[in-house]
Undergrad: 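Let me begin by handing over the structure; questions about it come next.
Bear in mind the structure is a predicted one, so any value in this text is a computation, not a measurement.
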Amino acid sequence: MTKTADQISLDARRATRFPVDFETICELGANQEIRVRIANISAHGMMMADVLEMAKGDRLTVHLPIAGRMEAYLVWSHEGRCGFEFERVIREPDFLAMLDKIESR
């Protein structure tokens with residue numbers, strides 16, 4: 001049985017999220033970079049604690065330690081928070097190393 005897009009997205013929402021307080025850079029298209037604060041992260045996505053002028057489905061590239069530049073798209077936004085799903089899942093060893101790096105800052 002193959003999964004639908006909604007089922008895959010629900011699986012990503014069930015991924016364990018880790019609370020962080022991490023400031024990084026995002027690219028919003030050609031020659032536009034902004035500083036953002038990530039409030040939680042999983043291998044499948046992240047929540048930012050910043051107001052972004054974006055619509056559901058809009059894409060950005062976030063700079064993460066270990067994982068590098070990750071493309072993500074906006075899934076939801078509400079009251080100054082934004083949830084993004086990564087285009088690709090971060091492999092477990094890379095994700096754990098990234099968390100260590102983020103938490104050591």
Undergrad: Do you know which two heavy atoms are closest between Phe22 and His63, and how far apart they sit?
TA: CE2-O, 4.3 Å
Undergrad: Of all the heavy-atom pairs spanning Gly57 and Tyr73, show the shortest one and how long it is.
TA: O-CB, 3.9 Å
Undergrad: Salt-bridged, Glu71 to Arg88, with N to O below 4.0 Å?
TA: no
Undergrad: Same cluster or not: Met98 versus Met48, using hydrophobic residues (I, L, V, M, F, W, Y) connected whenever any side-chain heavy atoms lie under 4.5 Å apart?
TA: yes
Undergrad: Do Met54 and Leu60 make a side-chain contact, defined as non-hydrogen atoms from C-beta onward lying under 4.5 Å apart?
TA: yes
Undergrad: Taking all atoms of both residues into account, what is the closest heavy-atom pair of Asn40 and Ile38, and its distance?
TA: O-CG2, 3.4 Å
Undergrad: Return the CD to CD distance between Glu27 and Glu33, rounded to the nearest 0.5 Å.
TA: 5.5 Å
Undergrad: Work out which heavy atom in Cys26 is nearest to a heavy atom in Val36; give both atom names and the distance.
TA: SG-CG2, 3.5 Å
Undergrad: State, to 0.1 Å, how close Pro65 and Ile102 come at their nearest heavy-atom pair, and which atoms those are.
TA: CG-CG1, 3.8 Å
Undergrad: Nearest heavy-atom pair of Leu74 and Phe84: which atoms, and what distance?
TA: N-CD2, 3.5 Å
Undergrad: Applying a strict under-4.5 Å side-chain criterion to I, L, V, M, F, W and Y, I'd like to know whether Val62 and Leu52 cluster together.
TA: yes
Undergrad: Would you say that Ile41 contacts Arg17 through its side chain, given a criterion of any heavy-atom pair below 4.5 Å between the two side chains?
TA: no
Undergrad: Donor-acceptor pair, distance only, cut-off 3.5 Å: does the side chain of Asp58 make one with the backbone of Ala55?
TA: yes
Undergrad: Roughly how far, to the nearest 0.5 Å, is CD of Glu53 from SG of Cys82?
TA: 9.5 Å
Undergrad: Report yes or no: do Ile66 and Met46 belong to one cluster of Ile/Leu/Val/Met/Phe/Trp/Tyr joined by side chain heavy-atom distances under 4.5 Å?
TA: yes
Undergrad: Output the distance between atom CG (Leu99) and atom CG (Leu64), rounded to the nearest 0.5 Å.
TA: 10.0 Å
Undergrad: Using the rule that Ile, Leu, Val, Met, Phe, Trp and Tyr join whenever any side-chain heavy atoms are under 4.5 Å apart, tell me whether Ile34 and Val20 fall into a single cluster.
TA: yes
Undergrad: Does any non-hydrogen side-chain atom of Thr24 lie less than 4.5 Å from one of Arg35?
TA: no
Undergrad: More than 12 heavy atoms of other residues, nucleotides or ligands under 6.0 Å from CD of Glu92: is that the case?
TA: no
Undergrad: Are Val89 and Met70 connected in a single hydrophobic cluster, I mean Ile/Leu/Val/Met/Phe/Trp/Tyr linked by side-chain heavy atoms less than 4.5 Å apart?
TA: no
Undergrad: To the nearest 0.5 Å, tell me how far Lys101 NZ sits from Leu96 CG.
TA: 14.5 Å
